[in-house]
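Before any comments, here is the structure.
Heavy-atom basis, side chains included; hydrogens, waters and symmetry copies ignored.
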Amino acid sequence: MECPPNEAPCLKVCPKKAIEILGGAITLNKSKCDKCGECVKVCPLGILDTIIK
């Protein structure tokens with residue numbers, strides 16, 4: 001289960017633009033991510049907290 005890319009709140013809040021849409025899927029570019037946790041706060045599915053650790 002995932003958010004539709006055009007509705008994903010994490011895309012809007014990431015200050016580093018580390019959350020991207022690639023091939024229609026939402027992905028995390030770990031080289032850009034500074035683990036600030038803003039995406040975790042807004043993720044309605046609760047999946048980003050395990051990914052950005």
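Scanning for side-chain hydrogen bond (donor to acceptor under 3.5 Å, both in side chains) contacts around K16 gives an empty result, with sequence neighbours left out. Residues passing the side chain to side chain contact (heavy atoms under 4.5 Å, CB included) test with L11 are A8, I19, I21, sequence neighbours excluded. Residues satisfying the side-chain hydrogen bond (donor to acceptor under 3.5 Å, both in side chains) criterion with S31, sequence neighbours excluded, are N29. In terms of the side-chain hydrogen bond (donor to acceptor under 3.5 Å, both in side chains) criterion, K12 has no residue partners (sequence neighbours excluded).
Applying the side-chain hydrogen bond (donor to acceptor under 3.5 Å, both in side chains) test to every pair with at least one member in residues 33-42, sequence neighbours left out, gives these pairs: E38-K41. Within the structure, salt bridge (charged side-chain N to carboxylate O under 4.0 Å, His left out) pairs that include any residue of residues 19-32 comprise E20-K32 (at least two apart or interchain).
The structure places SG of C14 at 7.5 Å from CG of L28, a figure rounded to the nearest 0.5 Å. The distance from atom CD1 of I52 to atom SG of C43, rounded to the nearest 0.5 Å, is 10.0 Å.
Among all heavy-atom pairs drawn from G24 and P5, the shortest one is O-CG, 3.3 Å. Across all non-hydrogen atoms, the minimal contact from C3 to L45 is N-CD1, 3.9 Å.
As a member of the Ile/Leu/Val/Met/Phe/Trp/Tyr network built from side-chain separations under 4.5 Å, V42 groups with V13.
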